[in-house]
Amino acid sequence: LLHQKTYLVDGELKQWEGDTAEVYSTISSTENYKPTLLGTIPQLGEKEALDALNSACSAYDKGKGLWPTMKVIDRIACMEKFVEQMKTKREEVVKLLMWEIGKNLPDSEKEFDRTVDYIYDTIEAYKQIDRNSAKFEKNSGVYAHIRRGPLGVVLCLGPYNYPLNETFTLLIPALIMGNPVIFKPAKIGVLLISPLLEAFQNSFPKGAVNIVYGRGRVLATPIMQSGKIDVLALIGNSKSANALQAQHPKGNRLRMVLGLEAKNPAIVLPHADLDLAVEECIAGTLSFNGQRCTALKVLYVHESIVDEFNKRFSEKVDALKFGNPWETGVKLTPLPEVEKPGYIQELIDDALEKGAKKQNEKGGKTSENFIFPAVLYPVTKDMRVFKEEQFGPVIPVVPFKNIDTPLDDMAESNYGQQVSLFGKDIDTLSPLIDTLVNLVCRVNLNSSCQRGPDVYPFTGRKDSAYGTLSVHDALRSFSIRTFVASKDN
Ligand code: G3H
């Protein structure tokens, strides 16, 4: 059991004697389902939230503080020290990733290693960013010595499905650009931050990083209502983002970097390589049980090949192994949100009532903490599974005759992150790609949707995102371009 008794504010690991909350895993260690107690975390209150805010504001000191004015080389040294110490915690963090969010061992290891790589890549990108001089205007005789400056105090909130990696794609660039950060770990995937607390404390100056535990509403409300937050950095859902933004007293004058919902479609054209499409759609729909914003959440398959697609796809789905995250070859794992199996079952029941058929034998609720993925066909617009971001193991298949069907649906959708396009004929693909890039931000040709490689821009249109992440783009998202104009180069 891990009892987290401290939190990080003002450069100190403060002892907490007040209320705590128990953290459970939905992985059951007994045959009859019983959630496993993993530990406890502090339930800080408004006072501690405001202490964290004051700590970050002092570190920033309206731009005059130690952290925002620190030399590039020194800030890099802090980040390097942190990542070196973080690497020693790999085993503990990976184990907690498996227990807290049910991510399988290879993917948990990947999440940790990807985060370490991301930090090193960020350091390299930071060394290069806009540190040049240029004459903006020919013959003006004035040189602009470009610098990137911080934006201010950042409130950072991450998601449960990548509680380390995606959270750090906000926190690390924000920090290295000189912004002090207040970070509240996700509700699920919270204990895995504990092994890193000391590394944060040892590596960064007082107030640069503040880590608080407790209920989002209790902590984030006073912080947002203070009007002292300069940037809201959140990966999660738009409901939370909107609620937090509304609490900011200065209205729209709040900078935001947001990664939100998506309903990424796959479009399988008549002459697509069917085996490849099936393989990619399996990975795209069901990696981490479909709990990824980049997951394929609806499959449009041309009517001429849809029966064959459904057959091959459903066989592959039923062959996926379910088990505990550390077991070899396991692809499907217990779902960390207790309410998720019931919700997914509701989507299935609704689709079946409205005329869809389950294509695979195993699909449907199997236990308290798991639901086997169901392939549903034909899915129509009136079904909940067509409209809602399922964020879990259920796969709607929509037949189409005319390409305008998926294109019109995508144009009408509130989301616009990515699409997967499967086909071979370049004369068909080429004009289609020209349209698709205007509907989403990334077109994946004959491959499933994904965020990586992390140097690629990661964003979305409409309600899917605000601002851009990636190793390079995130540094820009968390900074402002400034320059010194002078007559000397
Ligand atoms: O949940 C959303 C993540 O950005 C997905 O990232 O495509 O690397 O799994 P991924």
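In each ligand, atom 1 is the first atom listed, and ligand 1 is the first ligand listed. Computed from a predicted model, the values in this text were never measured in an experiment.
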Taking the six-membered ring for Trp and the full ring for Phe, Tyr or His, determine whether the centres of Phe322 and Phe372 are under 6.0 Å apart.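 Ring centres of Phe372 and Phe322 not closer than 6.0 Å.
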Hey, does the Lys NZ or Arg CZ of Lys103 hover above the aromatic six-ring of Tyr162, less than 6.0 Å from the centre and inside 45° of the axis?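 Judged by the rule (NZ or CZ under 6.0 Å from the ring centre, within 45° of its axis), Lys103 counts as positioned above Tyr162.
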For a distance cut-off of 3.5 Å, show me each N or O of ligand 1 paired with any protein N or O, plus the separation.
| unit_1 | atom_1 | unit_2 | atom_2 | d |
| --- | --- | --- | --- | --- |
| ligand 1 | 1 (O) | Asn161 | ND2 | 2.7 |
| ligand 1 | 1 (O) | Cys293 | N | 2.6 |
| ligand 1 | 4 (O) | Glu166 | OE2 | 2.7 |
| ligand 1 | 4 (O) | Arg451 | NE | 2.9 |
| ligand 1 | 6 (O) | Arg451 | NE | 2.9 |
| ligand 1 | 6 (O) | Arg451 | NH2 | 3.3 |
| ligand 1 | 7 (O) | Arg292 | NH2 | 3.0 |
| ligand 1 | 7 (O) | Thr294 | OG1 | 2.7 |
| ligand 1 | 7 (O) | Arg451 | N | 2.8 |
| ligand 1 | 8 (O) | Arg114 | NH1 | 2.8 |
| ligand 1 | 8 (O) | Arg114 | NH2 | 3.2 |
| ligand 1 | 8 (O) | Tyr162 | OH | 3.4 |
| ligand 1 | 9 (O) | Tyr162 | OH | 2.5 |
| ligand 1 | 9 (O) | Arg292 | NE | 2.7 |
| ligand 1 | 9 (O) | Arg292 | NH2 | 3.3 |

Got a second to check how far Thr40's OG1 is from Tyr24's OH, nearest 0.5 Å?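 Between atom OG1 of Thr40 and atom OH of Tyr24 there are 10.5 Å.
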From Lys184 NZ over to Ile193 CD1, what is the distance, rounded to the nearest 0.5 angstrom?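 So the gap between those two atoms works out to 11.0 Å.
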Where is the tightest heavy-atom contact between Val330 and Asn104, given as atom of each residue plus distance?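 Heavy-atom minimum between the residues: O-ND2, 3.0 Å.
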Sequence neighbours excluded - salt bridge (Lys or Arg N to Asp or Glu O under 4.0 Å) pairs with any residue from residues 443-460: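 Non-adjacent pairs meeting salt bridge (Lys or Arg N to Asp or Glu O under 4.0 Å): Arg114-Asp454, Glu166-Arg451.
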